[in-house]
Undergrad: 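Structure below; questions to follow.
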Protein chains: 2
Amino acid sequence: MKGERTKQSILHRAVDLASLEGLEGVTIGRLAEDLGMSKSGLFAHFGSKEELQLATISAARDRFIDNVLRPAFEEAPGYPRLHAICRGWIDYVERKVFPGGCFFAAASFEFDGRPGPIRDAIQKIMDGWVESLEKSIIMARDEGHIRSDVDVKQLAFELNSLFFGANFAYELRTDRGALARAMRAIEDRLEAVRSSRTSPVAPRKTQIQRRRA
Amino acid sequence: MKGERTKQSILHRAVDLASLEGLEGVTIGRLAEDLGMSKSGLFAHFGSKEELQLATISAARDRFIDNVLRPAFEEAPGYPRLHAICRGWIDYVERKVFPGGCFFAAASFEFDGRPGPIRDAIQKIMDGWVESLEKSIIMARDEGHIRSDVDVKQLAFELNSLFFGANFAYELRTDRGALARAMRAIEDRLEAVRSSRTSPVAPRKTQIQRRRA
DNA sequence: CCTACCGATCGGTAGG
DNA sequence: CCTACCGATCGGTAGG
């Protein structure tokens, strides 16, 4: 009970720290000092550095889901939900859900060249994330909200690239226009697949509303 | 003379290691062991860890310029050069110019949350890189190869996002289709600005060739 | 370029 | 959850 609360506070701090200084920068000693407890006391909650890192990744995943995916799932399936995921991702950078920018973008680039269980865990989450994006595109397609010939993997790849590009420009370059620029590119991409090739303007909304009814 | 050669071999190894394990993972002890020399012997070339890191970043920059920018500058200014930079970037990931993927994408995400001289050096290089991209877009515009109303910063942002997205999918997800997908998105973006709004097909090539003559 | 060090910090253990 | 440790490694120095 109380042990669980302590563990959650450790992980909250570990996630914040990892987003700022990298997952490898989360040392047991520093974490213990920040939280005013002994190294061995903190260590006992996890048993090894690797288990601490895996638990940190899992806690970061929970935070991402709570802040980006869950709110978007309150939108109707199809285009509204797809759009909400994209909008939610950009907002999540602006809101500094992780103080050092997207935990997973950072962890992806940190561990892509280091084989092992940590890399595997990050890859699994990122594969799952891109799959979620693809599924939301497929649902929008199946609802008739976007073109039936949309290239699902291609669109998911481009959207995710814009998310990461936004995080990069915002966090490293401190480019305050980056998020608006990313959002504009995202809207362009989404609008491009919404319109049908033969009749690009008129029948769109009608079609969506017919399906919804 | 010989000292300079030793220094270059240290930096070559440091750059490779940093692309795989991060710039902070380049320790003096490990570098010395890899190269079969003493820690203090290696250390003497730089004077501090920070100077070693700054020299490593500078060596990585040289390697990037030699492999991406310099070859592209042999193409004619304008669209050919802009296209060559994009193609060159994707090739540079595939050719594993840095064994762990793009050094600068990794370094950007590693240091964006850590204030200090290292972060400053990386930001300066990335600002310069995006500026190069913007300049090549401006030249293509001024040559009449792409639309005069192109949003320069917007296009540079989108292209760079696709580069980073390609590196992510290729290195972490080991998605072998990622580079082709990135290249397709890049060609789409470039084609979109090449065609004029009123006459999207015919006059394009003629216009380019007229200008070139 | 070397050997021989230094204090600080790393992950982890013993024993309570 | 603690104190008190451990060997290994960190960046860095002295002296040659």
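Values below: every heavy atom of this structure, side chains too, minus hydrogens, waters and symmetry copies. Chain letters run A, B, ... following the sequence lines, proteins first and then strands; every chain starts at 1.
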Undergrad: Can you measure E33(B) atom CD to dC2(C) atom C1' for me and round it to whole angstrom units?
TA: 17 Å

Undergrad: Could you pull out all residues at least two apart from D175(B) that satisfy side-chain contact (heavy atoms from CB on, under 4.5 Å)?
TA: A169(B), R173(B), A178(B), R181(B)

Undergrad: Figure out the CG/C1' separation between L42(A) and dC2(D), and round it to whole Å.
TA: 13 Å

Undergrad: What integer distance in Å separates E21(B):CD from dC10(D):P?
TA: 12 Å

Undergrad: Which atom pairs, one a donor and one an acceptor, fall under 3.5 Å between side chains of residues 129-136 of chain A and the rest of the protein, sequence neighbours left out?
TA:
from, atom 1, to, atom 2, distance (Å)
W129(A), NE1, N160(A), OD1, 2.8
S132(A), OG, G128(A), O, 3.0
S136(A), OG, L133(A), O, 2.8

Undergrad: Sorted by first residue and then second, give each ring pair (Phe, Tyr, Trp, His ring centres under 6.0 Å) pair with at least one member in residues 7-53 of chain B; sequence neighbours left out.
TA: none

Undergrad: Does F103(A) have R63(A) sitting over its ring (NZ/CZ under 6.0 Å from centre, angle to axis within 45°)?
TA: no

Undergrad: Taking the six-membered ring for Trp and the single ring otherwise, decide whether the centroids of F64(B) and Y92(B) are under 6.0 Å apart.
TA: yes

Undergrad: Mind calculating the distance between CG (L35(A)) and C1' (dC2(D)) to the nearest angstrom?
TA: 16 Å

Undergrad: Taking H145(A) for the side chain and A140(A) for the main chain, is one N or O donor matched with an acceptor at less than 3.5 Å?
TA: no

Undergrad: In whole angstrom, what separates L31(B)'s CG from dT9(D)'s P?
TA: 16 Å

Undergrad: For nucleotides 11-16 of chain C, just jot down a letter per nucleotide in 5' to 3' order: B, S or -, based on protein non-hydrogen atoms under 4.0 Å.
TA: BBB---

Undergrad: Could you write out DNA chain D as a dot-bracket string, with dots for unpaired bases, | for bases paired across to another strand, and Watson-Crick or G-U pairs counted at under 3.5 Å?
TA: ||||||||||||||||

Undergrad: Please collect all ring pair (Phe, Tyr, Trp, His ring centres under 6.0 Å) contacts where either partner lies in residues 154-190 of chain A, sequence neighbours excluded, each pair once.
TA: W89(A)-F163(A), F164(A)-F168(B), F168(A)-F164(B)

Undergrad: Measure from CZ on R30(B) to P on dA8(D) and round the result to the nearest Å.
TA: 18 Å

Undergrad: Between E75(B) and H83(B), does any side-chain donor sit less than 3.5 Å from a side-chain acceptor?
TA: no

